[in-house]
Amino acid sequence: MSVPISLLSLTLSSFCLLLVLISRFSGGYSSSSSYAAPTRIGKGYRLISIEKTSDGGFLGHLQVNQKSNVYGPDIPLLQLYVKHESENRLRVHITDAEKQRWEVPYNLLPRDQPPAPKQAIRRSRKKPTSVLEIAGSELIFLHTIDPFSFAVTRRSNGQTLFNSSSGGADSFGEMAFKDQYLEISTQLPEDASLYGLGENTQPHGIKLYPNDPYTLYTTDKSAINLNTDLYGSHPVYMELRNVGDKPYAHAVLLLNSNGMDVFYRGNSLTYKLIGGVFDFYLFVGPTPLDVVDQYTSFIGRPAPMPYWSLGFHQCRWGYHNLSVVEDVVENYKKAKIPLDVIWNDDDHMDGHKDFTLNPINYPRPKLLAFLEKIHSIGMKYIVLIDPGIGVNSSYGVYQRAIANDVFIKYEGEPYLAQVWPGAVNFPDFLNPKTVAWWGDEIQRFHELVPVDGLWIDMNEASNFCSGKCTIPEGKQCPSGTGPGWECCLDCKNISKTRWDDPPYKINASGLQVPIGFKTIATSAVHYNGVLEYDAHSLYGFSQAIATHKALQGLEGKRPFILSRSTYVGSGKYAAHWTGDNKGTWEDLKYSISTVLNFGIFGVPMVGADICGFYPAPTEELCNRWIEVGAFYPFSRDHANYYSPRQELYQWESVTKSAQNALGMRYKLLPYLYTLTYFAHISGAPIARPLFFSFPAFKECHGLSTQFLLGSSLMVSPVLEQGETNVKALFPPGSWYNVFDMTQTVVSKGQYFTLDAPLHVVNVHLYQNTILPMQQGGMISKEARMTPFTLIVSFPAGASKGEAKGSLYLDNDELPEMKLGNGYSTYVELYATLDQGIVKVWSEVEEGKFAIDKGWIIEKVTALGVGGSEKISALEINGSPVAPDACNIELSSMKQKHLRDLEDGQENSKSLMVDITGLKLPVGENFSMSWKMGIQG
């Protein structure tokens, strides 16, 4: 939830105009000079010693070459620590050699600790050579002595993945390391494709674009702002390059929570940080899936998601009372549009205060009766909580917070801010006492209202005021008549410390605003003396960890948390939505890139507000948005308080599009749930760029208007107003329309123009795949119990082919998503086509759960089969089957090839074969085969 865009723009633009006029420029971003020749900060460092450590790493020391006072004095002695932490991960850690510096807390993001800085620095007995190689199985670390630089190469092909030496070029200078300014760069090949460095809205698509600004600092800045630091901070990028004809991917993480600017110039990338350390991790890949596997094995595997979370969600800021919510649920039912989860923004609260109910608009007895009703059919209910706790002496949550001393402090007192309740204090989630208090408040609230998940918003943290504030005397704040987001506290700017006014100005909010603007003052203090200056971008991450712990402790169920602010590792605890977007065609298009980026960041459960948060989408746009949003991993319609109502049933045409698109989503739920399992065990994104499956196909490296679900299901939506067809890129192979499987695209790797009237979205299944589907329904609980269909796709018309798939099933209320607990089943699916004989079979692990549930496979459909339409010799589990005797029906139908229509000739023929009436238990191994007639 955020402020209406028109008023936000007016307020912020006026402030920023004033700010620009009075601020001092100190070398950060500016539109006129950002990409001129970079200023060189000093002469770098030289290596004075290096030796092997007992843990298998290497420890060295660096001495500054020539002192420079630009952005403050240099730290004279640095400690270098290099270690191959695994076969596919290399760490390079550089910090002050003489005293401890701020790092991302090791209890928040568990990892090995480097050797502690030593007071006494001794030279190694062995003088360092000009170039030293520290070799691992695939990554090799090289360095030069003076000026110190390092490079990381790939053993298998000799490619350099990271190189901090400028080589005498003007693109960047030597490494700089000061208390509040750190700079380091790497060379890059000009033809490489880079992805990541978020969170921001990227107008040029998913690929990083040279000379676009990339600033990382968590900010309550709506997603309509392009190339601006938004809600999350993810200082990681993936690089994809082709060496010869072979693609290679790797990733670089700079684990640092301080604000930073990253300058990407096409042939180089420069980091400029305002604190912390250099803590680099390189992940070797070589495939994009390998990269996210290695990355999430380090930062934490994505959280397991309950099955119902893959259903459709409806929310709105402005459901004024319970009867409105009840009407929404009933209207979805009448419109026959699937709905699993109904949400409340802060409308349910008493005076916007967390963990409360409005006794008039959401009376508890009526709310409990409503929840009992929807829970009985499998629906769920989620509400919002903000981190700011209202300052109110009669408010129990606040009383207990004060008693437990859980708030962030400024000059010894709880830091005062303003959010929706008015004056608030912010809990300090780095404090163990806060985590315990927060868990207790969540438990108390759950006893009041048995919610099924929590939505943690405004956790960048957002503040309607700036500076040091006090509650005004003699007036109500907020007044209750004007906008609730206007600051009504008495506030003074804070600029007296170097933490509030650092020497280097990052491009905060895209305008170089002070880093304490509209958030917690950066000189405020957390637990153990930690400065907000250092920990700012960890606030939402630490809140998600505390919330996850609290929900897990309630009933032993699998938690669902949606968080606006995220950091490296947030996906282990929470899902994410892309924040406050706008109902425009541009925002629809941008949403795809942001969703795909979060898959790379290890947060695969992600989506955008369908139809846009800010007013107001057109009817046509909402049609097209649900056709995209039905295939976001997290699918939710959400709107602003000041927007017209935009539930999907509000328009007859949108109702039809929703029935179509969400109807397919609900049939695909077993596939989507299996993808969440793979995300949890390997980090594999649910929604992926096409290059994940086709990395050698360069044409898709920058494609941001289509995406994959898993490895094989491609969504090609309409993203332009007034269009009734879509130009879609098809990587080489055979693709089948899942809405009409007789429609086939056979591609050599080119664009095709597809029909896409208003209610149609093009979704295609790639060859060599077995796709598990069910029959759908209005709620995931009922859809989950319908019979299964297996869709087997072969290359169209081929005489030989193979296909594979998988299916994961479990009790989705259990906290863990794994095999071996007696409440899960995993099925590997296989198929072959050889000389007219089709074989399909399964290999089941731990089938008892699926057997007890009674799940069966009722239908098998094979696509792309060659031969005549005659089907014979059906065998199931090794025994011949007479279809008439078993109520099994066999049929075939010719498929239409879009390539044939374009080429004007019948180059190949293929069939769709259906076998229905099966009763194959999912939990038991099965095999079946049949023979296709020989084509005359």
Side-chain angles (χ1 to χ4, degrees), residues 105 107-109 218 303 344 346 348-350 352-357 382-392 395-409 414-417 419-421 423-463 520 524-528 530 532 535-567 569-570 572-576 815:
N107 64 324
L108 286 189
L109 192 66
T218 62
N344 265 128
D346 72 351
H348 67 285
M349 296 181 185
D350 184 12
H352 306 285
K353 298 191 296 294
D354 282 348
F355 308 119
T356 63
L357 279 181
I382 294 175
V383 300
L384 173 143
I385 49 174
D386 289 333
I389 301 300
V391 176
N392 186 323
Y395 172 34
V397 176
Y398 175 76
Q399 293 170 345
R400 292 184 289 272
I402 290 293
N404 285 281
D405 192 23
V406 303
F407 292 129
I408 294 170
K409 301 289 181 61
Y415 176 74
L416 190 72
V419 199
W420 300 111
V424 300
N425 298 143
F426 287 113
D428 175 11
F429 293 103
L430 300 183
N431 186 341
K433 286 200 302 184
T434 307
V435 175
W437 162 82
W438 187 251
D440 178 63
E441 296 301 338
I442 287 175
Q443 182 173 357
R444 289 170 181 266
F445 182 64
H446 193 266
E447 291 170 358
L448 185 72
V449 185
V451 296
D452 300 290
L454 289 174
W455 171 17
I456 51 177
D457 193 11
M458 309 288 283
N459 53 350
E460 294 73 32
S462 177
N463 181 1
I520 300 168
V525 180
H526 292 253
Y527 178 70
N528 270 352
V530 170
E532 169 70 8
H536 170 83
S537 289
L538 300 176
Y539 193 80
F541 178 42
S542 61
Q543 185 193 18
I545 294 173
T547 306
H548 188 272
K549 181 177 181 181
L551 288 181
Q552 267 199 329
L554 283 179
E555 297 177 315
K557 291 184 178 181
R558 189 174 300 174
F560 180 83
I561 300 163
L562 185 72
S563 179
R564 189 168 76 175
S565 185
T566 59
Y567 185 71
S570 284
K572 183 178 179 181
Y573 307 97
H576 175 65

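Below, each value reflects all heavy atoms present in this structure, side chains not excepted, and no hydrogens, waters or symmetry copies. A quick note: this is a predicted structure, and the numbers were derived from the prediction, not measured.
- Proximity of a side-chain donor or acceptor of T434 to a complementary backbone N or O of V406 within less than 3.5 Å is detected.
- Under the 3.5 Å distance criterion, the side-chain polar atoms of H548 are left unmatched by any main-chain donor or acceptor of A574.
- Put simply, the side chain of K353 gets close to the backbone of D350: a donor and an acceptor are under 3.5 Å apart.
- For the side-chain contact (heavy atoms from CB on, under 4.5 Å) test with D457, the passing option among L562, D346, D386 is D386; the others fail.
- In terms of heavy atoms, G540 sits closest to I456 at O-CD1, 4.5 Å.
- Once rounded to the nearest 0.5 Å, the distance linking CD of Q543 with CG of N459 reads 4.5 Å.
- The distance from atom CZ of R400 to atom CD1 of I402, rounded to the nearest 0.5 Å, is 12.5 Å.
- At a threshold of 4.5 Å between non-hydrogen side-chain atoms, the residues L454 and L551 count as touching.
- Within the model, atoms CD1 of I442 and CG of L554 stand 7.5 Å from one another, a figure rounded to the nearest 0.5 Å.
- Taking 4.5 Å as the limit, every side-chain heavy atom of I382 sits out of range of all side-chain heavy atoms of V451.
- Taking both residues in full, the closest heavy atoms of A544 and Y573 are given as O-CB, 4.0 Å, listed atom of the first, atom of the second, then distance.
- Between atom CG of residue L109 and atom OH of residue Y567 there is a gap of 7.5 Å, rounded to the nearest 0.5 Å.
- L430 places none of its side-chain heavy atoms less than 4.5 Å from the side chain of N528.
- Sorted by first and then second residue, the salt bridge (Lys or Arg N to Asp or Glu O under 4.0 Å) pairs involving residues 425-440 (not counting sequence neighbours) are D440-R444.
- F407 has its ring centre no less than 6.0 Å from the ring centre of Y415.
- Residue F355 forms a ring pair (Phe, Tyr, Trp, His ring centres under 6.0 Å) with just one option from W437, Y398, W438, and that option is W438.
- In this structure, F426 and Y539 have perpendicular ring planes: the angle between them is above 60°, well past the 30° mark.
- Taking E532 as the reference, nothing meets the salt bridge (Lys or Arg N to Asp or Glu O under 4.0 Å) condition, with sequence neighbours excluded.
- With contacts defined as side-chain heavy-atom distances shorter than 4.5 Å, the pair W420/M458 qualifies.
- Listed by first then second residue, pairs satisfying salt bridge (Lys or Arg N to Asp or Glu O under 4.0 Å) with a partner in residues 547-556 read E555-K557, not counting sequence neighbours.
- Of all the heavy atoms in N425 and P427, the pair that sits closest is O-CD, 3.7 Å.
- Note: F445 and H348 have tilted aromatic rings, judged against thresholds of 30 and 60 degrees for the angle between ring planes.
- The shortest side-chain heavy-atom distance between S563 and T547 does not fall under the 4.5 Å cut-off.
- A donor-acceptor distance shorter than 3.5 angstrom exists from the side chain of Y395 to the backbone of D354, with no hydrogens or angles considered.
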